[in-house]
Structure formats: structure tokens, C-alpha cells
Amino acid sequence: MRNIITPAPYEKAYTIVLNRILARFTMLDDVFGEYKRTVLKIVRGRCLASENLQDLARYWERNCQQFSRFLDCIGQTAAPPEFQQFHQVLTGELRHFYNQVCTAQQAINWGQNSCCQATLQDAFNEMTCIRDRIDHALQNVNGVAM
């Protein structure tokens, strides 16, 4: 007979919060990935006539502000004792991801319609490494099934 371990109520509540955090992070990651693709299209001249870096700059800035508020909410989220170390790792990696989003934003010269593609690519490469570290941290959390 199989033993079924019932999670404590606070563990279940944190798992629900964690799923929401990860869903929001995935959405933001998709948004900034699409911005990168659009930047590269604009720089190469393979974009729609209505696409330009100045408009994209406003959207990027708005989503950076949303990301910053998202990080503030995560910082205020209480984690159960069993998840505190994981929560600290997750929070640190998300802050590092945000810093890389800002680095990518700084690689773009919005007014000149140009971009330092090496810096942009380096930032996005680091963002990929951060996602991998978050995935690894999730795999090491006991009792959480995603």
C-alpha cells in the first residue's frame, strides 16, 4: 500500500502562490523575448512600417516597471520554513533576471534606431542561464509538483 503524504495547509498555499509567480515570470519572459526579436527586426530593417525603437522603448519601460512591482510583491511573500531557502534563491534569480532585462534595454540606442547586438545577446544569454538555474532549483524542492 502506498503512503500518501498530505501537505500542510501552508505548503499548499505557498505552492499556489509559487505557481502564480512562475506563471507571471513566464509571461514577462515571453514579452521581453518578443521585444528582443522586434529590436533585431528593426535594426535589420525587416520590420513593419509602424515598428520603431522609440515606440518599443515605451513598452519596454512599462514592462520593466511591471517587473519591478512584481519583484516587490515576491519580496513581501512569506514562505513556509521548508521553502525559505528556495524562495530566497528564486527571489535572487528573478532580481538578477530583471538586471539583465535592464542591461538589454541599455544596449539599445532608442533615438538612433541602433543596438549593440553583442550586449543585447549577452544579456539574453544570461537570462537563459537564469531560467536554467530556476528550473534546477524547482527540481530540488521537495513535495512540490509543477
Side-chain angles (χ1 to χ4, degrees), residues 1-44 46-48 50-110 115-146:
M1 187 160 162
R2 208 166 134 182
N3 285 340
I4 298 176
I5 300 173
T6 307
Y10 61 85
E11 290 175 345
K12 188 173 183 176
Y14 180 74
T15 302
I16 291 169
V17 169
L18 179 59
N19 281 323
R20 288 181 184 152
I21 289 170
L22 295 172
R24 181 76 187 264
F25 170 64
T26 300
M27 186 263 318
L28 287 165
D29 181 39
D30 289 345
V31 165
F32 289 111
E34 189 59 37
Y35 287 167
K36 176 191 173 200
R37 286 185 286 282
T38 303
V39 165
L40 295 176
K41 284 182 193 177
I42 291 169
V43 169
R44 292 178 184 143
R46 296 182 177 169
C47 59
L48 300 173
S50 61
E51 293 178 319
N52 62 67
L53 290 180
Q54 291 174 338
D55 288 343
L56 187 59
R58 285 194 300 272
Y59 302 136
W60 194 302
E61 184 59 36
R62 263 188 254 150
N63 280 296
C64 279
Q65 291 171 357
Q66 288 294 324
F67 203 140
S68 180
R69 285 191 283 270
F70 169 63
L71 289 174
D72 291 342
C73 289
I74 293 170
Q76 296 171 1
T77 301
E82 293 84 2
F83 294 97
Q84 283 182 350
Q85 182 178 4
F86 165 76
H87 190 77
Q88 289 174 347
V89 168
L90 178 64
T91 302
E93 292 296 347
L94 290 175
R95 288 192 191 289
H96 188 52
F97 191 92
Y98 174 77
N99 291 338
Q100 292 304 310
V101 166
C102 293
T103 299
Q105 183 182 21
Q106 293 168 359
I108 302 162
N109 187 332
W110 306 102
C115 170
C116 177
Q117 292 184 28
T119 302
L120 183 71
Q121 190 59 50
D122 287 347
F124 275 88
N125 287 344
E126 182 60 25
M127 290 160 71
T128 298
C129 293
I130 293 166
R131 284 191 303 273
D132 291 344
R133 290 192 300 264
I134 290 171
D135 286 343
H136 181 73
L138 280 167
Q139 291 172 4
N140 292 326
V141 173
N142 294 327
V144 177
M146 299 292 162

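Quick note: numbers below take in every heavy atom, side chains included, and nothing from hydrogens, waters or symmetry partners.
The shortest side-chain heavy-atom distance between Tyr98 and Leu94 does not fall under the 4.5 Å cut-off. For the pair Leu53/Leu56, a side-chain contact is recorded, criterion being any heavy-atom separation below 4.5 Å from C-beta on. Looking at heavy atoms from C-beta onward, Thr77 lies out of side-chain contact with Thr91 at the 4.5 angstrom threshold. Looking at Val101 and Trp60, their side chains come closer than 4.5 Å, going by heavy atoms from C-beta outward.
The environment of Gln85 atom CD is sparse: at most 12 non-hydrogen atoms of other residues, nucleotides or ligands sit within 6.0 angstrom.
Judged purely by atom type and a 3.5 angstrom limit, His87 has no side-chain atom pairing as donor or acceptor with the backbone of Pro80. With hydrogens and angles disregarded, a donor-acceptor distance shorter than 3.5 Å links the side chain of Asn63 to the backbone of Tyr59. One N or O on the side chain of Thr103 and one on the backbone of Asn99 form a donor-acceptor pair closer than 3.5 Å.
The distance from the NZ atom of Lys41 to the CZ atom of Arg37 is 8.0 Å, given to the nearest 0.5 Å. To the nearest 0.5 angstrom, Tyr35 atom OH is 15.0 Å from Leu40 atom CG. In this structure, NE2 on His96 lies 10.0 Å from CD1 on Ile134, to the nearest 0.5 angstrom. A distance of 4.0 Å separates CZ of Arg133 from CD of Glu93, quoted to the nearest 0.5 Å. Cys64 contributes atom SG, which lies 11.0 Å from atom CZ of Arg69 (distance to the nearest 0.5 angstrom). With rounding to the nearest 0.5 Å, the separation of OG1 in Thr15 from CG in Leu22 is 10.5 Å.
Across all non-hydrogen atoms, the minimal contact from Leu120 to Lys36 is CD2-CG, 4.1 Å. Residue Ala104 comes nearest to Phe124 through the heavy atom pair CB-CE1, 3.7 Å, listed as atom of the first residue, atom of the second, then distance.
Checking Asp132 against His136 by side-chain atom types alone, no donor-acceptor pair falls below 3.5 Å. Between the side chains of Asp135 and Gln139, not a single donor N or O lies within less than 3.5 Å of an accepting N or O.
Note: Phe83 and Tyr14 have tilted aromatic rings, judged against thresholds of 30 and 60 degrees for the angle between ring planes.
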- Message: Before you tell me yes or no, could you show the steps for Asn125 and Gln121 under side-chain hydrogen bond (donor to acceptor under 3.5 Å, both in side chains), namely the whole-Å CA-CA distance, both residues' side-chain angles and the distance that decides it to 0.1 Å?
- Response: CA-CA 6 Å; Asn125 287 344; Gln121 190 59 50; 2.8 Å; yes

